[in-house]
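One structure is given here, and the rest of the page talks about it.
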Amino acid sequence: MSTTTTRDATRPAPAKVSKTKPRRGVRGTTFNFWLFTGPFLIGLLIFVYIPILWSAWLSFYEARYTVTPDKFVGFDNYEYMLTNGDFVGSLGTFTVFAAIVVPITWALSLGLALMVHRLRFMKAFFRSVFFLPTAVSFVAASLIWKMSIFSGVRFGLMNTVLDWIGIENVAWLADPNPPWYWLVILTLRLWLQSGFYMILFLAALQNIPPSLYEAAAIDGAKPGWQTFWYITLPQLRATSTAVILLLLVAAYQAFDEFFNLLPKTTWGRPPLVELYHTALGQNQDYGAGSAGAMILTILICTVTLLQGRFMGLGRGDENK
Amino acid sequence: MSALNSNNWDRRTVLRAAMGLAATGGLAACGGNTGRSEGGASGKSLTQYFHAYGEAGTQEAIKRYAKDFDGANVATQWITGDNFESKLFSSLLTKNAPDVFEFHPQLQLIRSGQVADLSDLVNPVKDDFNPADIKSHTIDGKIWGVRMIDDPQFFYYRKSMLEKAGVEVPQTLDELVEAAAKLTTDKVKGLFIGNDMVQTQYPLVWSSGADQLTADNQIAYHTDAVAETLSKYRTMFKAGHLLTGAPADSWDPSALIQGLCAIQWSGMWAMPALQKALGDDLGIFPYPVAADGAKPSVFNGGWSMFVNAKGKNVDLAKEYVKWLWIDQKEHQEDWALSYGFHVPPRQSIAETADKLKSGLPAEGVKFFNEYGRFENPSWTQAMITAFEELIADVVRKGVEPEKALDTADAKVNRELKKLFG
């Protein structure tokens with residue numbers, strides 16, 4: 001399900017348009033433009049924009065057990081979604097989730113990258129070992145976490161370990177007070193994701209010119225914290241920004257582990273899970289679900305535009 | 001990227017917003033193998049949906065019956081996982097919808113025109129069916145589904161464990177709460193009512209002297225007794241007397257067999273496996289009395305066959321349902337008795353079902369007749385979900401029962417208003 005891309009992660013080479021030879025002229029360029037972007041644009045149109053428009057239409061109808069409704073209800077669906085608490089609560093859940101998972105994953109993958117980068121031997125081995133979990137599906141990992149590691153019964157792995165040090169069994173997923181389920185979800189996501197972002201940081205680390213460190217050493221900078229803080233971290237700024245954005249997108253798309261780890265709950269439901277339960281799950285209320293989806297769409301557009309304004313990502317190379 | 005003019009703020013911004021939306025587009029890419037095979041010898045084909053039964057041999061049996069049908073090539077989708085409802089409901093809106101599917105009688109399926117009228121199939125043999133099954137499938141004077149199996153659900157217990165702890169078979173909910181406490185040790189939990197605590201959602205209401213809905217379809221579950229029953233669940237949950245996070249949920253007999261719990265809510269279907277594993281160390285009792293003047297109860301669940309009214313070949317689908325679930329009594333008997341135990345809804349089959357005539361199975365059938373209550377088709381899936389959320393809130397999260405009941409009321413009333421105006 002994940003659609004994260006690595007495109008923005010490594011720093012793009014400076015763009016240079018050849019000025020010497022004008023190519024085949026405007027027509028050729030236009031044709032090539034459509035040839036290359038056409039398939040993608042068609043896909044975008046069919047799988048993204050038409051569904052969005054259909055959702056927009058559905059959101060004004062009472063669409064129960066049908067996606068071709070005929071009963072117009074105006075803004076009733078929007079009112080329901082914004083007032084019944086579940087949907088608004090899910091936005092809160094997402095905020096908490098993102099606020100925890102983004103910085104921790106960022107720090108952990110940077111830490112892993114720094115360690116692997118310093119290795120003198122077996123570098124490729126550790127790089128692969130940390131990267132491999134990325135290949136595991138969220139669903140499969142959820143099942144392992146749920147049924148073997150954080151199983152609530154006495155022979156679950158964590159409960160066995162706790163038993164050795166004399167601590168009573170914990171119902172990791174069943175009892176939301178205290179909210180141990182966050183630990184389960186967080187560790188799962190860290191295990192699956194950190195390796196991937198570690199690779200991005202590693203690539204960026206390798207791009208830092210050694211001469212910078214040499215110059216710093218000559219100027220008297222102590223190796224370790226000082227060098228890291230004044231040279232490594234600033235040099236990683238572009239990658240860090242990209243990683244944080246990718247992590248935010250990934251956090252927003254979180255669905256699989258919440259859906260599999262927390263069935264039949266009223267807590268721990270990020271927006272996509274909430275919308276799934278409203279529209280596609282057992283309720284089949286496509287009108288209310290679409291209204292929720294439209295609210296989310298507006299939120300995403302706003303956030304994306306603001307982000308472009310303030311963080312400047314993708315505004316153009318001259319700003320870097 | 002360099003081909004685009006980098007000064008063009010607007011176009012870039014719009015593109016970026018578009019990309020943000022596109023990032024969510026991955027959700028749209030979920031495809032589906034429909035399990036539909038292209039026509040057989042006769043050139044006609046049907047698709048049927050079944051949830052995955054836990055008992056060995058069930059999937060093969062369903063496919064074997066389908067193969068015997070000459071009228072069409074019937075493909076079976078055996079849907080694993082615990083979201084059969086979701087998969088069924090969403091596929092019913094598409095072209096890949098099943099022609100025939102199993103489900104429970106629910107009003108919204110009929111109101112939205114999704115299931116076909118099967119009166120002409122059932123009416124000729126109406127008297128042979130359990131009257132309660134006919135009643136729960138009759139809406140607006142028409143019969144909408146053919147009952148395949150009735151599944152009474154009750155508590156199973158390990159006799160040896162109760163004896164050892166000096167516990168009698170509970171007659172009231174208070175005794176059950178006490179028993180759960182006494183039976184809990186560092187190795188065994190006293191009681192298992194499902195990993196999500198929702199498996200007893202029907203009888204807890206009935207044995208508290210209430211009902212899901214009144215006869216004129218108003219909320220009937222919102223009583224003080226139900227609130228009190230739910231708080232007792234909360235007490236057991238917080239005290240750690242309930243089994244949670246078991247590898248297999250309570251519809252599966254393994255928790256009791258493996259000794260994870262002493263008492264477990266499950267269905268008649270689990271009885272053969274339990275008897276095989278535990279022998280005589282096994283007893284059953286109905287959901288005990290939870291309020292003054294109330295009765296013990298047993299949930300008579302089950303599965304019925306429905307025909308998709310918007311399918312490509314409704315007549316052929318009806319012919320198949322008639323052939324298998326009305327005419328082929330041998331298959332019906334095999335289905336009800338050879339894998340898990342189910343009570344056959346056809347009286348002519350129930351009469352000859354020797355496997356259910358003695359011992360524990362006979363006791364199960366007695367509970368079915370004496371304490372059993374059937375589904376109310378007006379209590380639809382959305383209301384079931386609302387009630388499950390109520391249980392999650394009160395029992396697991398610790399919300400005040402009264403407050404959680406009000407939340408559930410809002411959701412159920414919204415549903416009732418849509419169905420009954």
In terms of heavy-atom pairs under 4.5 Å with chain A, the winner among B:Asp186, B:Leu93, B:Leu109 is B:Leu93

The interface call for A:Glu62 against chain B, heavy-atom contacts under 4.5 Å, is side chain

Could you check whether any side-chain heavy atom of B:Phe387 comes within less than 4.5 Å of a side-chain heavy atom of B:Val412, counting everything from C-beta outward? no

Pair count under 4.5 Å, heavy atoms only, with chain A: among B:Gln108, B:Met383, B:Lys411, B:Glu388, highest is B:Gln108

Side chain, backbone, both or neither: which part of A:Ala293 has a heavy atom under 4.5 Å from chain B? neither

So which residue, A:Val67, A:Thr68, A:Thr66, A:Asp285, ends up with the most heavy-atom pairs under 4.5 Å with chain B? A:Asp285

In the structure I gave you, are the side-chain heavy atoms of A:Pro179 and A:Trp267 within less than 4.5 Å of one another anywhere? no

Of the backbone (N, CA, C, O) and the side chain (C-beta and beyond), which part of A:Asn260 lies under 4.5 Å from a heavy atom of chain B, both, or neither? neither

Donor on one side chain, acceptor on other, B:Thr200 and B:Tyr233, under 3.5 Å: yes

With a 4.5 angstrom heavy-atom cut-off, is it the side chain or the backbone of B:Leu88 that approaches chain A, or both, or neither? neither

For the rings on B:Phe103 and B:Phe89, is their centre-to-centre separation under 6.0 Å? yes

Region of A:Phe36 in contact with chain B, defined by heavy-atom distances below 4.5 Å: neither

Side chain, backbone, both or neither: which part of B:Ser112 has a heavy atom under 4.5 Å from chain A? side chain

Tell me which of these, A:Asn84, A:Asp163, A:Asp175, has more heavy-atom pairs under 4.5 Å with chain B than the rest. A:Asp175

Test item: side-chain donor near acceptor, B:Asn96 and B:Thr94, under 3.5 Å: no

Minimum heavy-atom distance between A:Val273 and A:Arg269, given as atom pair plus value: CG1-CG, 4.1 Å

Which atoms of B:Lys189 come close to chain A, meaning under 4.5 Å heavy atom to heavy atom: side chain ones, backbone ones, both, or neither? neither

B:Arg111 versus chain A, heavy atoms under 4.5 Å apart: side chain, backbone, both or neither? neither

Within-4.5 Å side-chain heavy-atom neighbours: A:Gln284 and B:Ser90: yes

Can you confirm whether the side chains of B:Gln114 and A:Tyr65 place a donor and an acceptor under 3.5 Å from each other? no

What I want to check is whether the side chains of A:Tyr276 and A:Glu274 have a donor and an acceptor closer together than 3.5 Å. no

Given a strict heavy-atom distance threshold of 4.5 Å, which part of A:Phe155 is in contact with chain B: side chain, backbone, both, or neither? side chain

